[in-house]
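In each ligand, atom 1 is the first atom listed, and ligand 1 is the first ligand listed. All values derive from a computational prediction rather than experimental measurement.
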Amino acid sequence: MKLLTISVPAYNESEVLPHLYDRIKEVMATVSDRYDYELLFINDGSSDNSVQIMKELRAKDPRVSYVDLARNYGKEVAMAAGFDYAKGDAMVTMDADLQHPPELIPEMLLLWEQGYEDVYAKRKIREGETWLKKYTSKKYYQLLQKMSKTPVLPDAGDFRLLDRRCIDALKKLRETQRYSKGLYSWMGFKKVEIEFDAAPRLAGETKWNYGSLFNLALEGMTSFTTTPLKISSILGFIVSIAAFVYMIYIFIATLVTGNAVAGFPTLLIVILFLGGIQLISIGIIGEYLGRIFNEVKGRPLYFVEEYNDEREPIK
Ligand code: UDP
Ligand code: MG
């Protein structure tokens, strides 16, 4: 019998957790002759009674485990806690809101048995999302892909099965500002894709707004590629060369016409344009500097309040 950990980060998901538990139980019953499972909830500092529900589920079913994080650290960190606490020979990470259908797990297990170490599920359609979200997301991945050498897969989210080797590899990547999609493709290993129809969220609300999505997008760029830094140097070169050519032109024009005073609009435009480019470049450097600042502090990714009814000592 092999053990499969199903890791679910949850932030204010009390409405959906019981449904999720039932669905997973049903699905795993179909493969119970070959696999045991551990349902590992990561409570990401929920302010509702999610953690009570996890405790109740654990009281009636010892296959349920939970990690109660000390505060809301965000989904990326909650998933990292999942990697740390997973006991299985393989693990599946999925969202709590049942947008990731558990019915796909047996298919993932089949591919894992064939030797694939990272089986990721790709959304076919995105239900219940606005066209603006779909459009911006599509454009963003195109841009990210242009800037980076490692492929990033647009519609492959965090619904995936990872072999023990992948889990151990991911545990070594302790960066605090995390972008898991980038980490998965960066680490390599044998990958295979399966498709699924994303369902709309079962209940509750999405935790992402455009602000936090923009942040995640920046995170993706700055943690995944240093191309923006190069863009500002390239821009600097182009502008300097243009400025040099323009200087020669002015020099000659002044010699020929003798009029050196006119051109206030040009002057203003050039100063503003350059000022803008300089500020953008400083901003880009700042983004990377901020990341360095955060990593250099070397803080642990998270603290744990409780693991399976026991208070965790701080190691
Ligand atoms: N989540 C989390 N911490 C957060 C925000 C979200 O653990 O700070 C979890 C959430 O409970 C859910 C998953 O991340 O299981 C995906 O969140 P959501 O469904 O809100 O995102 P969406 O599907 O809209 O991208
Ligand atoms: Mg969701």
Side-chain angles (χ1 to χ4, degrees), residues 5-21 23-24 39-54 57 64-86 91-102 104-105 120-138 140-141 153-160 176-181 183-184 196-217 219-220 301-306:
T5 298
I6 301 171
S7 150
V8 183
Y11 174 53
N12 295 345
E13 302 283 10
S14 57
E15 283 172 76
V16 291
L17 290 182
H19 299 279
L20 178 77
Y21 169 78
R23 285 269 291 273
I24 286 181
L39 178 53
L40 176 65
F41 289 116
I42 318 291
N43 176 42
D44 188 15
S46 300
S47 51
D48 65 357
N49 62 342
S50 293
V51 74
Q52 272 75 38
I53 293 176
M54 292 172 194
L57 290 173
V64 176
S65 293
Y66 68 88
V67 179
D68 186 16
L69 299 183
R71 66 169 172 88
N72 177 249
Y73 291 93
K75 184 188 176 188
E76 295 287 327
V77 169
M79 285 200 314
F83 301 143
D84 292 342
Y85 282 84
M91 83 187 279
V92 168
T93 58
M94 60 188 293
D95 286 358
D97 56 5
L98 286 169
Q99 278 184 307
H100 297 159
L104 219 63
I105 295 176
Y120 59 90
K122 191 181 146 180
R123 269 175 299 195
K124 260 191 288 192
I125 37 169
R126 306 171 131 220
E127 269 183 70
E129 282 182 6
T130 60
W131 68 267
L132 185 64
K133 196 167 169 188
K134 285 183 220 175
Y135 179 80
T136 42
S137 141
K138 187 172 145 218
Y140 170 70
Y141 284 107
L153 303 145
D155 285 314
D158 296 313
F159 187 21
R160 56 175 74 216
T176 50
Q177 285 169 293
R178 303 174 71 82
Y179 183 65
S180 300
K181 270 184 208 182
L183 301 183
Y184 297 135
F196 75 102
D197 297 318
R201 177 174 252 289
L202 188 72
E205 272 169 20
T206 174
K207 311 303 180 297
W208 299 99
N209 51 37
Y210 279 104
S212 55
L213 278 177
F214 181 72
N215 256 333
L216 186 73
E219 213 71 84
L301 281 182
Y302 56 84
F303 287 117
V304 171
E305 184 74 48
E306 224 180 71

Check A96 against L17 and note the closest heavy-atom contact, atom names and distance. CB-CD2, 4.3 Å

Mind checking salt bridge (charged side-chain N to carboxylate O under 4.0 Å, His left out) for E76 and listing every partner two or more places apart, or none if nothing turns up? none

Which of the atoms of ligand 1 are close to P9, meaning less than 4.0 Å from one of its heavy atoms? 7 (O), 9 (C), 10 (C), 11 (O), 12 (C), 15 (O)

Using heavy-atom distances, let me know which of F41, Y11, Y73 sits nearest atom 1 (N) of ligand 1. Y11

NE2 on H100 to CZ on F159, rounded to 0.5 Å: 7.0 Å

For D97, take its heavy atoms, then give the atoms of ligand 1 lying under 4.0 Å from any of them. 19 (O), 23 (O)

Minimum heavy-atom distance N43-S50, with the two atoms named: OD1-CB, 4.1 Å

Look at atom 11 (O) of ligand 1 and find which of E76, M79, E13 reaches it with the closest heavy atom. E13

So if I count the atoms of ligand 1 from 1 in the order they appear, which ones are less than 4.0 Å from some heavy atom of N72? 3 (N), 4 (C), 8 (O)

Looking only at N/O atoms, are A78 and ligand 1 under 3.5 Å apart anywhere? no

Angle subtended at the Mg ion (ligand 2) by OE1 of Q99 and OD2 of D97, to 10 degrees? 100°

Considering non-hydrogen atoms only, spot the tightest contact between S46 and N12 and give its length. OG-N, 2.8 Å

Between Y184 and Y120, is the ring centre distance below 6.0 Å? no

One finds that the ligand 1 atoms under 4.0 Å from a non-hydrogen atom of D95 are 13 (C), 15 (O), 16 (C), 23 (O)

Below 4.5 Å, heavy atoms only, C-beta onward: do F303 and R71 meet side chain to side chain? no

Is the contact between I42 and ligand 1 made by the side chain, the backbone, both, or neither, using heavy atoms and a 4.0 Å cut-off? neither

